[in-house]
Amino acid sequence: MLTLNLLPSTHVTLSKSHPNYFVCPNLGKLRTLSFTKPSIQNGHPFRCFANLDSQISHPRLNFSKILRHPSVFSSRNTTQILQAASGTPDGEIEGSKPKVNLKLALIFGLWYFQNIVFNIYNKKVLNIFPYPWFLASFQLFCGSIWMLILWASKLQPCPKINKSFIIALLGPALFHTIGHISACVSFSKVAVSFTHVIKSAEPVFSVVFSSLLGDTYPLTVWLSILPIVFGCSLAAVTEVSFNMGGLSGAMISNVGFVLRNIFSKRSLQNFKEVDGLNLYGWITIISLLYLFPVAVFVEGSQWVAGYHKALGTIGNPNTFYLWVLVSGIFYHLYNQSSYQALDDISPLTFSVGNTMKRVVVIVATVLVFRNPVRPLNALGSAIAIFGTFLYSQATAKKPKKEAVEKED
């Protein structure tokens with residue numbers, strides 16, 4: 001350890017030929033980190049900071065926390081110096097954890113709130129205007145307009161796209177369209193809570209389809225999907241609002257979204273420079289082009305009559321317009337928030353948050369629409385959602401092991 005004592009009698013002079021060096025008796029040339037005009041502290045000239053060429057320099061270090069005496073500078077272990085200079089162990093910034101926790105709470109709170117609002121107003125519209133193909137198309141239209149506004153105003157950087165990128169998106173966008181319209185059909189026929197319970201079985205389809213395409217999963221993952229299957233089956237059998245169309249719609253939605261995720265990973269490997277929000281924006285636009293022509297063909301002839309019937313039911317047309325608009329805007333907003341959440345948190349935290357989101361949405365919609373829930377139905381729902389939590393825990397261990405192996 002080298003100690004440099006700058007006592008009152010010590011003279012430090014600058015070398016004219018080498019302005020980056022100063023000369024100190026008995027020590028020779030030392031490179032200076034900074035040099036300021038000498039000032040008097042406790043009667044001693046002191047403001048000269050010196051460091052050997054072999055020592056590690058660190059920008060903006062707070063040396064007042066290192067020095068214990070105004071006239072003594074000791075070169076310490078690098079880790080200790082950096083810790084002392086930063087003021088916290090391991091160079092952590094004080095107050096960073098509370099800020100991270102607050103940001104995480106805001107992200108989840110916004111995500112949950114937007115999801116609840118969407119599910120409530122989506123179901124309100126479908127109760128008086130049971131045309132899910134129109135409503136699903138309008139929601140994609142709102143999302144497309146929203147993204148175009150963000151890109152035009154430069155609030156969100158517009159990605160550079162080419163023909164190969166659009167071709168790569170055709171598959172994922174098609175499966176996204178299938179998943180979205182199937183979910184809307186399910187919402188129109190059964191209670192929102194029941195649709196979400198069935199949609200919690202998405203990990204089952206993910207494991208099955210991924211395995212068929214060559215992926216392998218440990219036994220813990222396969223065991224974790226058993227309570228999901230059992231819980232969904234129990235909830236379906238005991239559901240008061242059970243409808244085969246609602247059940248099949250939720251199941252097809254699971255298949256669509258799982259295939260969207262699988263094909264996105266396979267076809268978009270060469271476009272990693274496009275962030276999640278921009279990717280979702282382009283998927284939304286292409287999905288609208290897929291869905292709207294089919295929607296016109298399937299139920300377009302019924303829209304005018306259904307519109308007049310809905311106005312007769314609700315009384316005030318402005319209320320109907322507001323409900324439709326809110327469902328469209330909040331559909332895109334909650335998906336946007338989910339992508340932003342995934343950028344800021346780990347996949348495991350996101351999976352757990354997504355599981356809890358279903359719980360919050362189910363409870364909120366049951367309270368709003370006062371859907372009758374049988375004890376066995378509630379038990380089945382709880383088991384299925386708990387199964388999704390186990391699945392997220394089991395799948396989170398696999399990437400960690402792979403990362404350790406790569407490091408080794």
Side-chain angles (χ1 to χ4, degrees), residues 107 111 114-115 118 133 136-184 202-203 205-206 209-215 252-297 328-347 350-351 354 395 399 402-403 406:
I107 289 173
W111 183 22
Q114 292 166 346
N115 209 298
F118 160 73
W133 289 80
S137 299
F138 181 77
Q139 289 162 356
L140 293 176
F141 173 75
C142 288
S144 301
I145 297 299
W146 186 276
M147 290 305 302
L148 291 174
I149 292 174
L150 291 183
W151 290 331
S153 61
K154 297 184 179 181
L155 293 175
Q156 173 70 16
C158 183
K160 296 180 180 179
I161 62 171
N162 51 38
K163 184 179 179 181
S164 59
F165 175 70
I166 297 299
I167 292 175
L169 275 182
L170 294 179
L174 175 62
F175 290 118
H176 178 78
T177 306
I178 294 173
H180 179 47
I181 182 56
S182 300
C184 279
E202 187 175 313
F205 294 91
S206 179
F209 281 107
S210 297
S211 298
L212 292 175
L213 293 173
D215 292 345
I252 294 172
S253 177
N254 286 336
V255 174
F257 285 129
V258 165
L259 292 178
R260 178 200 64 181
N261 296 338
I262 293 174
F263 279 87
S264 293
K265 292 178 182 178
R266 294 174 180 268
S267 64
L268 298 172
Q269 287 293 327
N270 298 327
F271 305 98
K272 294 182 179 179
E273 69 277 4
V274 181
D275 62 21
L277 183 55
N278 284 330
L279 180 63
Y280 177 71
W282 278 108
I283 287 178
T284 299
I285 293 172
I286 298 175
S287 295
L288 175 62
L289 299 178
Y290 275 137
L291 182 60
F292 186 68
V294 182
V296 173
F297 175 78
I329 293 176
F330 277 84
Y331 169 75
H332 179 80
L333 286 180
Y334 94 77
N335 280 288
Q336 176 177 312
S337 295
S338 69
Y339 276 97
Q340 291 173 332
L342 190 56
D343 288 338
D344 294 330
I345 60 181
S346 67
F350 180 84
S351 297
N354 193 42
T395 53
E402 291 178 352
K406 288 180 180 179

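Note that this is a predicted model, so its numbers are computed, not measured. Below, all heavy atoms of this structure are taken into account, side chains as well, without hydrogens, waters or symmetry copies.
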Enquirer: Would you say the side-chain atoms of Ser267 pair up with the backbone N or O of Ala168, donor to acceptor, closer than 3.5 Å?
Expert: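 Answer holds: yes.
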Enquirer: Can you tell me which residue among Asn261, Val258, Thr395, Leu259 is in a side chain to side chain contact (heavy atoms under 4.5 Å, CB included) with Ser206?
Expert: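 Exactly one candidate clears the test, Val258.
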Enquirer: Is the shortest heavy-atom distance from the side chain of Leu140 to the side chain of His180 under 4.5 Å?
Expert: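 Sidechains of His180 and Leu140: in contact.
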Enquirer: Got Leu279 and Leu169 here, is their nearest side-chain heavy-atom distance under 4.5 Å?
Expert: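 Yes, their side chains come closer than 4.5 Å.
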Enquirer: Just do the side chain to side chain contact (heavy atoms under 4.5 Å, CB included) check on Trp146 and Leu333 with the steps written out, would you?
Expert: CA-CA 9 Å; Trp146 186 276; Leu333 286 180; 3.5 Å; yes
Enquirer: Is any side-chain heavy atom of Phe271 closer than 4.5 Å to a side-chain heavy atom of Ser164?
Expert: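 The answer is yes, as the side chains (C-beta and beyond) meet within the 4.5 Å cut-off.
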Enquirer: For a quick test of reading the model, state the closest non-hydrogen atom pair linking Trp151 to Pro159 and the distance between them.
Expert: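 It is NE1-CD, 3.9 Å.
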Enquirer: Working note: Gln114 + Gln336, criterion side chain to side chain contact (heavy atoms under 4.5 Å, CB included); need CA distance, chi angles, decisive distance, verdict.
Expert: CA-CA 10 Å; Gln114 292 166 346; Gln336 176 177 312; over 6 Å; no
Enquirer: Enter the distance from Ile283:CD1 to Leu268:CG here, rounded to the nearest 0.5 Å.
Expert: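 That separation rounds to 7.0 Å.
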Enquirer: If we only count heavy atoms from C-beta on, is the His332 to Ile145 side-chain gap below 4.5 Å?
Expert: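 A side-chain contact is absent here, since even the closest heavy-atom pair is not under 4.5 Å.
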Enquirer: Any idea how Phe138 and Phe141 line up, ring-wise: parallel (<30°), tilted (30 to 60°), or perpendicular (>60°)?
Expert: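 Taking Phe141 first and then Phe138, their aromatic rings sit tilted (interplane angle of 30° to 60°).
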Enquirer: Grab the two heavy atoms, one from Ile178 and one from Gly256, that are nearest each other, plus how far apart they are.
Expert: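 Heavy atoms of Ile178 and Gly256 come nearest at CG2-CA, 4.5 Å.
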Enquirer: For residues Ser182 and Ser253, is any side-chain donor paired with an opposing acceptor at under 3.5 Å?
Expert: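 Not at all, the side chains of Ser182 and Ser253 share no donor-acceptor pair under 3.5 Å.
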Enquirer: Return yes if some donor-acceptor pair links the side-chain N/O of Ser287 with the main-chain N/O of Ala173 below 3.5 Å, else return no.
Expert: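 Confirmed, Ser287 side chain pairs with Ala173 backbone.
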Enquirer: What distance do Asn162 atom CG and Ile167 atom CD1 have between them, rounded to the nearest 0.5 Å?
Expert: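 Asn162 CG to Ile167 CD1: 9.0 Å, rounded to 0.5 Å.
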Enquirer: Could you go through the side chain to side chain contact (heavy atoms under 4.5 Å, CB included) check for Thr284 and Met147 one step at a time?
Expert: CA-CA 9 Å; Thr284 299; Met147 290 305 302; 5.8 Å; no
Enquirer: For Tyr334 and Trp111, which heavy atoms make the closest approach, and how far apart are they?
Expert: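 Heavy atoms of Tyr334 and Trp111 come nearest at O-CD1, 3.5 Å.
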Enquirer: What are the two closest non-hydrogen atoms of Leu288 and Pro293, and how far apart are they?
Expert: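 Result for this residue pair: O-CD, 4.2 Å.
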Enquirer: Mind listing the closest non-hydrogen atom pair of Gly328 and Gln139 along with its distance?
Expert: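 So the two residues come closest at CA-CG, 3.7 Å.
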Enquirer: Is it the case that atom CZ in Phe292 sees more than 12 heavy atoms from other parts of the structure closer than 6.0 Å?
Expert: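 Atom CZ in Phe292 is not packed in, count stays at 12 or less.
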Enquirer: Among Leu291, Ile181, Val294, Thr177, exactly one meets side chain to side chain contact (heavy atoms under 4.5 Å, CB included) together with Ser137. Which residue is that?
Expert: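 It is Leu291; the other options fail the test.
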Enquirer: Measuring centre to centre across the rings, with the benzene-like ring taken for any Trp, is Tyr280 within less than 6.0 Å of His176?
Expert: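 Yes.
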Enquirer: Taking the six-membered ring for Trp, are Trp282 and Phe165 parallel (under 30°), tilted (30 to 60°) or perpendicular (over 60°)?
Expert: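 Trp282 vs Phe165 ring planes: perpendicular.
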Enquirer: Does Phe209 have more than 12 heavy atoms from other residues, nucleotides or ligands lying within 6.0 Å of its CZ?
Expert: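 Yes - once you tally the heavy atoms of other residues, nucleotides and ligands closer than 6.0 Å, there are more than 12.
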